[in-house]
Number of protein chains: 2
Amino acid sequence: MKRNTWQREAVREALDDTEGFISAQALHSSLHASGSPIGLATVYRALGDLAATGEADSLQSPEGEALYRACSTTGHHHHLICRNCGLTVEIAADEVEVWAKRVAAEHGFTGAAHVVDVFGLCANCTKLLGAGPSH
Amino acid sequence: MKRNTWQREAVREALDDTEGFISAQALHSSLHASGSPIGLATVYRALGDLAATGEADSLQSPEGEALYRACSTTGHHHHLICRNCGLTVEIAADEVEVWAKRVAAEHGFTGAAHVVDVFGLCANCTKLLGAGPSH
DNA sequence: TTAGGTGCAAAACCTTTGCACACAG
DNA sequence: CTGTGTGCAAAGGTTTTGCACCTAA
């Protein structure tokens with residue numbers, strides 16, 4: 001059985017308090033800043049568990065970090081993430097769900113954990129930085 | 001200007017010879033196995049350049065590695081990747097292109113470098129491992 | 001009590017970088 | 001020649017792991 005430790009709770013709460021995705025390291029820093037003497041390894045372990053249980057969503061940032069987010073245990077949705085300010089918008093992705101399943105099935109794939117996340121620039125950062133020069 | 005070294009060519013060729021995505025490390029190993037005394041750092045640098053030039057596609061595997069693939073400079077397509085054997089199927093993603101653009105626009109996002117890649121189990125590995133227990 | 005969680009530090013891992021040398025142009 | 005690419009090894013970053021201690025049930 002899983003025990004209920006204050007560390008676990010702290011991680012869960014910190015995750016809930018976070019707007020968008022956050023890295024394990026950032027979350028650890030945040031907790032430390034709030035006075036929690038929680039260890040980095042514990043944060044990693046807690047986040048791993050949360051992700052495994054479905055209580056958190058995880059994805060890989062383009063920089064190679066794992067990002068976590070408190071997630072409605074309910075739906076499988078996707079995200080629109082600003083690569084500049086980190087703003088995250090949750091998007092219902094019914095169409096893509098259907099599409100992903102169909103395509104996967106067409107090729108005989110199963111268990112398609114479809115990673116459909118869109119990194120872009122939000123309206124605000126678009127203004128700040130001008131039209132995307134990159135790419 | 002970019003110089004034309006045999007190392008660069010070797011990386012390009014090795015990438016062309018590869019079916020799906022391959023990690024920098026794996027590609028380096030593969031090259032070594034073929035007798036090329038190319039250095040790991042050089043492989044990373046070459047792959048980085050290729051990705052920057054658009055001659056290669058790169059994405060982050062769930063395991064946190066950067067994967068590269070020789071890519072048609074032409075279209076923006078996506079991939080269906082077996083998380084067990086690495087088999088990669090290229091998928092035309094017109095629908096998703098449209099969808100991604102619309103959703104991004106709806107939220108005021110621009111420059112959406114939509115990462116639409118599906119990790120799953122291919123038909124073969126599904127048989128080998130049984131129905132997906134994960135998730 | 002006792003299985004499981006925690007903390008610390010070391011390790012493993014992928015990737016980048018500094019520097020001297022080699023080579024393409 | 002000259003500047004860029006290369007190789008090696010060391011450094012950088014994130015994540016995992018070993019082990020002793022602690023603690024929730």
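This structure is a prediction, so every number in the text was calculated from the model and none was measured. Numbered from 1 within each chain, the chains take letters A, B, ... in sequence-line order.
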Exercise for the section: Ignoring backbone atoms, establish whether Tyr44(B) has a side-chain N or O less than 4.0 Å from OP1 or OP2 of dT15(C). Expected result: yes

Practice task
Report the distance from atom CD of Glu9(B) to atom OG1 of Thr5(B), rounding to the nearest 0.5 Å.
Solution key: 8.0 Å

Problem - Distance-only donor-acceptor check, side chains Gln25(B) and Tyr44(B), under 3.5 Å - result: yes

Problem - Pairwise distance CG(Leu31(B)) to CD1(Ile38(B)) - rounded to 0.5 angstrom - result: 5.5 Å

Problem - Separation of Arg8(A) CZ from Arg45(A) CZ (nearest 0.5 Å) - result: 9.0 Å

Problem - Distance in angstrom units between Gln60(B) CD and dT14(D) P, rounded - result: 13 Å

Practice task
May I ask you to say what Ala66(B) touches in the nucleic acid, namely base, sugar-phosphate or nothing, with a heavy-atom cut-off under 4.0 Å?
Solution key: sugar-phosphate

Handout entry: Nearest-0.5 Å distance, CG of residue Leu47(B) to OG of residue Ser58(B)
Key = 9.0 Å

Exercise for the section: Starting at atom CG of Leu47(B), determine the distance to atom C1' of dG5(D), rounded to an integer number of angstrom. Expected result: 15 Å

Completion exercise
Rounded to whole Å, CG of Asp49(A) lies from P of dG5(C) at a distance of 7 Å

For nucleotides 17-25 of chain C, give me every protein contact, N/O to N/O, under 3.5 Å, one pair per line with atom names.
| from | atom 1 | to | atom 2 | distance (Å) |
| --- | --- | --- | --- | --- |
| dC23(C) | O2 | Arg3(B) | NH1 | 2.9 |

Handout entry: Residues Glu65(B), Gln60(B); criterion side-chain contact (heavy atoms from CB on, under 4.5 Å); working and verdict
Key = CA-CA 6 Å; Glu65(B) 291 176 283; Gln60(B) 291 278 338; over 6 Å; no

Practice task
Taking only the side-chain nitrogens and oxygens of Arg8(A), find out if one of them lies under 4.0 Å from OP1 or OP2 of dT6(C).
Solution key: yes

Problem - Rounded distance in Å - CD1 (Ile38(A)) to C1' (dC8(C)) - result: 14 Å

Completion exercise
Rounded to whole Å, CD of Gln7(A) lies from P of dG4(C) at a distance of 17 Å

Practice task
Grab the two heavy atoms, one from Val11(A) and one from Ala46(A), that are nearest each other, plus how far apart they are.
Solution key: CG2-CB, 3.8 Å

Practice task
Using heavy atoms and a sub-4.0 Å distance, could you list which residues of residues 23-34 of chain B are near DNA chain C? By number, please.
Solution key: Gln25(B)

Completion exercise
Note: Leu15(A) and Ala56(A) closest approach over all heavy atoms is CD2-CB, 3.8 Å

Completion exercise
What one should report as the nearest heavy-atom pair of Ala24(A) and Val43(A) is O-CG1, 3.7 Å

Fill in the blank from the handout: Separation of dG13(D) atom C1' from Leu40(A) atom CG, nearest Å, is 12 Å

